[in-house]
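Working notes for the structure below.
Sequence lines set the chain letters: A, B, ... in the order given, protein chains first and strands last, and positions in each chain run from 1.
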Amino acid sequence: MKVSIGDDFDLLKIEKSGQCFRVGHGAEGEFRFITGRNVLCIKGGGGEYEVSCGEEEWRDVWTPYFDLGRRYSDITERNWNDEYIDAAVAYGKGLRVLRQDPWEMLVTFIISQRKNIPAISKSVEMIAGRYGEPLEAGGQSVNAFPPAEVLARVSEEELRECSLGYRAPYVKSAAEMASSGELDLKALESADDETLFEELMRVRGVGKKVANCVCLFGYGRTARVPVDVWIARAIEESGNSELCSRYGDIGGIMQQYVFFYAKNKGSEQKGKQNE
DNA sequence: CTCCAGGGTTTGC
DNA sequence: GCAAACCATGGA
């Protein structure tokens with residue numbers, strides 16, 4: 001099926017933006033995304049794309065996933081009268097904040113602490129490969145990310161084999177909480193931001209940064225601003241402690257432009273720093 | 001070899 | 001309350 005997207009939309013930037021860790025590639029510049037039990041193959045550019053799904057799945061699954069109900073060009077084409085922000089949104093034009101599966105985001109960002117992006121991808125992919133259910137993806141073989149009920153039955157030693165290190169008990173405990181109902185990730189979709197944040201903070205291995213990442217990337221709470229080492233550097237470099245947080249309900253989106261800019265600027269002529 | 005990675009918990013003051 | 005030590009592992 002063909003779809004038109006009349007807004008900022010750059011698949012390569014989205015892949016390299018450090019929010020999704022299981023993006024795959026097919027022939028001729030095709031990208032593969034996974035969420036829940038859905039797999040999407042997509043290729044194209046200039047606003048015109050070929051997608052592997054039908055109309056209903058595009059509307060119900062992938063439109064919210066890519067946050068296509070929001071005009072990011074309203075952000076990137078505006079003058080914010082801030083040198084750092086204006087440079088960041090220009091550099092990152094095409095990015096979007098993805099709305100992904102809350103449980104997968106919780107595990108992924110627990111794993112993310114003190115790991116670089118390739119190492120995070122490797123661990124998450126190994127967990128899906130070993131414990132996830134196989135999905136149909138037009139010939140390719142990919143697995144869904146395993147639900148909490150499944151990971152709760154995996155031993156800590158086995159989890160450790162996915163390069164989780166000291167994070168293995170955190171993931172195990174999160175799986176037990178989420179599968180027993182002690183932590184109701186589904187019900188939290190209707191909670192306010194602060195309640196959601198406080199509930200996520202109850203999980204061992206989850207601090208402010210990881211909780212905010214789950215709020216932003218798993219629940220679409222675009223007011224939440226995760227502060228990692230790159231955002232901290234950007235705050236220091238710009239001399240503005242409110243660099244992202246002053247943008248209210250789109251602070252989290254600003255954070256994504258700033259993260260991408262701070263991490264990647266300066267490395268475009270020296271070859272790839274990411275991979 | 002050393003240094004660092006989308007941090008968090010524990011410990012000591 | 002805050003700062004420092006400590007945590008496993010892989011990549012550069």
Using 0.5 Å steps for rounding, measure from the OH atom of A:Tyr65 to the CG atom of A:Leu98.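 Here the rounded value is 4.5 Å.
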
Taking only side-chain nitrogens and oxygens of A:Ser163, does any of them come within less than 4.0 Å of OP1 or OP2 of C:dG10?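 For A:Ser163, the contact criterion (side-chain N or O under 4.0 Å from OP1 or OP2 of C:dG10) is met.
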
Is a donor on one side and an acceptor on the other found under 3.5 Å between the side chain of [X] and the backbone of [Y]?
| X | Y | result |
| --- | --- | --- |
| A:Arg167 | A:Gln113 | yes |
| A:Thr63 | A:Asp60 | no |
| A:Arg99 | A:Pro64 | no |

When all nucleic acid strands are considered with a 4.0 Å heavy-atom cut-off, which category describes [X]: base, sugar-phosphate, or nothing?
| X | result |
| --- | --- |
| A:Phe217 | base |
| A:Ser121 | nothing |
| A:Gln256 | base |

Measure from [atom1] on [X] to [atom2] on [N] and round the result to the nearest Å.
| X | N | atom1 | atom2 | answer |
| --- | --- | --- | --- | --- |
| A:Lys209 | B:dG8 | NZ | C1' | 12 Å |
| A:Phe109 | B:dA5 | CZ | C1' | 14 Å |
| A:Lys263 | B:dC4 | NZ | C1' | 12 Å |
| A:Lys115 | B:dG6 | NZ | C1' | 13 Å |
| A:Phe260 | B:dG6 | CZ | P | 14 Å |
| A:Ile110 | C:dT9 | CD1 | P | 18 Å |
| A:Asp228 | B:dA5 | CG | C1' | 10 Å |
| A:Met105 | B:dG7 | CE | C1' | 17 Å |

Assign a letter to each nucleotide of nucleotides 1-6 of chain C from its 5' end: B, base within under 4.0 Å of a protein heavy atom; S, sugar-phosphate only; -, no contact. ------

Would you indicate which nucleotide in [options] comes nearest to any side-chain atom of [X]?
| X | options | result |
| --- | --- | --- |
| A:Ser112 | B:dG6, C:dA8, C:dG11 | B:dG6 |
| A:Arg167 | B:dA5, C:dG10, C:dA8 | C:dA8 |
| A:Arg160 | B:dG6, C:dG10, C:dA8 | C:dA8 |
| A:Lys122 | B:dG6, C:dG11, B:dG8 | C:dG11 |

[atom1]-based separation of [M] from [N] [nearest Å]:
| N | M | atom1 | value |
| --- | --- | --- | --- |
| B:dC4 | C:dA5 | P | 15 Å |
| B:dT11 | C:dA8 | P | 14 Å |
| B:dA5 | C:dC7 | C1' | 14 Å |

Testing the basics here: between A:Arg224 and A:Cys215, what is the closest heavy-atom pair and its distance to 0.1 Å?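 A:Arg224 and A:Cys215 have their closest heavy atoms at CG-CB, 3.5 Å.
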
Shortest non-hydrogen contact from A:Asp86 toward A:Val89: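 Smallest interatomic distance, heavy atoms only, reads O-CG2, 3.4 Å.
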
Quick one: which residue pairs count as a ring pair (Phe, Tyr, Trp, His ring centres under 6.0 Å) with a foot in residues 169-223 of chain A, not counting sequence neighbours?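 Sorted pair list: A:Phe109-A:Phe217.
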
Non-neighbouring partners of A:Ser73 that pass side chain to side chain donor-acceptor pair (under 3.5 Å), sequence neighbours left out: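 Per chain and number, A:Ser73 pairs via side chain to side chain donor-acceptor pair (under 3.5 Å) with A:Asp7, A:Arg71.
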
Not counting sequence neighbours, which residues clear side chain to side chain donor-acceptor pair (under 3.5 Å) with A:Ser17? List them please.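 A:Ser17 satisfies side chain to side chain donor-acceptor pair (under 3.5 Å) with A:Gln19 only.
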
Residue whose nearest DNA chain C nucleotide is more 5′ - A:Asn116 or A:Gln113: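 Mapping each residue to its closest nucleotide by heavy atoms, the 5'-most match is A:Gln113.
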
Would you say whether A:Trp230 stacks on B:dG6? The test is a distance between ring centres of less than 5.5 Å and an angle between planes of less than 30°.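 No, A:Trp230 does not stack on the base of B:dG6.
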
For nucleotides 9-13 of chain B, list the nitrogen or oxygen atoms of the protein found under 3.5 Å from its nitrogen or oxygen atoms, one pair per line.
from   : atom 1 : to       : atom 2 : distance (Å)
B:dT9  : OP1    : A:Gly205 : N      : 3.0
B:dT10 : OP1    : A:Arg204 : NH1    : 3.2

Partners passing salt bridge (Lys or Arg N to Asp or Glu O under 4.0 Å) against A:Glu237 (at least two apart in sequence or in another chain):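 If we apply the salt bridge (Lys or Arg N to Asp or Glu O under 4.0 Å) test to A:Glu237, skipping adjacent residues, the hits are A:Lys265.
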
Under 4.0 Å between a side-chain nitrogen and a carboxylate oxygen: does that hold for A:Arg202 and A:Glu199?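 Here A:Arg202 pairs with A:Glu199 in a salt bridge, since their nearest N and O are under 4.0 Å apart.
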
